[in-house]
Amino acid sequence: MSHTTDMPAHFSLVHTFKAPKELVFNAFSNADALNQWWGPVESKNSVVSLDFRPGGIFHFRMEFSNDEVAYGRFLYRTIQPCDLLEFTNAFADDQARVVKPPFEIPFPLEIFYRLEFREENGHTVLTLTGQPVDPEPEEMASFLNINRSMQQGFNATFGKLAAYLRQ
């Protein structure tokens, strides 16, 4: 599957941060920063490991109030400091191996995300696009059906990032 700039985006979100793009980008590359802002707002999230380089893995743990624990991982593909970040995101086990998502709907194993960082007047405009990697038709349908939920989730997470950047 090619991942060019003209790829059809099945999910997209634009978020503006009141911070220079170097600061915003660096919040994605630092374990201490990620511990403070990355992940669903309804869980306590922590970095298990971070190898921020093409081919490297970001492995994280999510602890929910009902004592459930889940893991996720990014597999980095392209890193162009302060401008571009591309990775696949998947649920994982405690060893960072990809596992089936814990949803009751069929859902893709992996999502390819592209984050573009653009600075405008001291603010950073982050454009996120995503699409499933090799989905079955029912997985693609589920992915498209939860678009609004994904918008809410990413906006909440980016709200945590904005708060982190104000510190």
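Numbering of residues begins at 1 and proceeds along the displayed sequence. Scope of the values below: all heavy atoms of this structure, side chains included, with no hydrogens, waters or symmetry mates.
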Partners passing side chain to side chain contact (heavy atoms under 4.5 Å, CB included) against N89 (at least two apart in sequence or in another chain): F60, F74, F87, Y113
Test item: S29 side-chain N/O and N26 main-chain N/O as donor-acceptor pair under 3.5 Å: yes
Distance, nearest 0.5 Å, that separates CG of N155 from NE2 of H15: 6.0 Å
Set of residues satisfying side chain to side chain donor-acceptor pair (under 3.5 Å) with respect to T78, sequence neighbours excluded: E86
Contact summary for M62 and N45, nearest pair of heavy atoms: CG-OD1, 3.2 Å
Heavy-atom donor-acceptor pair, T124 side chain to A19 backbone, under 3.5 Å: yes
Rounded distance (nearest 0.5 Å) linking atom OG1 of T88 with atom CG of L75: 4.5 Å
Point-to-point distance, once rounded to the nearest 0.5 Å, from OG1 of T16 to CG of N121: 11.0 Å
L165 backbone acceptor or donor facing W37 side chain under 3.5 Å: no
Side chain to side chain contact (heavy atoms under 4.5 Å, CB included) involving I146 - partner list, sequence neighbours excluded: I105, F107, S149, M150
For Q36, side chain to side chain contact (heavy atoms under 4.5 Å, CB included) partners two or more places apart: Y164, Q167
Heavy-atom neighbours of Q151 CD exceed 12 at 6.0 Å: yes
Results of side chain to side chain contact (heavy atoms under 4.5 Å, CB included) for E104 - residues two or more places apart only: none
F11-F112 aromatic ring centre distance below 6.0 Å: no
Heavy-atom closest pair, residues I111 and P132: CD1-CA, 3.9 Å
Flag, side chain of N145 to backbone of A141, donor-acceptor distance under 3.5 Å: yes
Residue pairs fulfilling salt bridge (Lys or Arg N to Asp or Glu O under 4.0 Å) with at least one residue in residues 56-75, sequence neighbours excluded: R61-E63, R73-E110
Donor-acceptor under 3.5 Å (T157 side chain, W38 main chain): no
Atom pair CE/CG of M140 and D134 - distance to nearest 0.5 Å: 10.0 Å
Salt bridge E116-R114, side-chain N to carboxylate O under 4.0 Å: yes
Ring centres under 6.0 angstrom apart (H123, F17): no
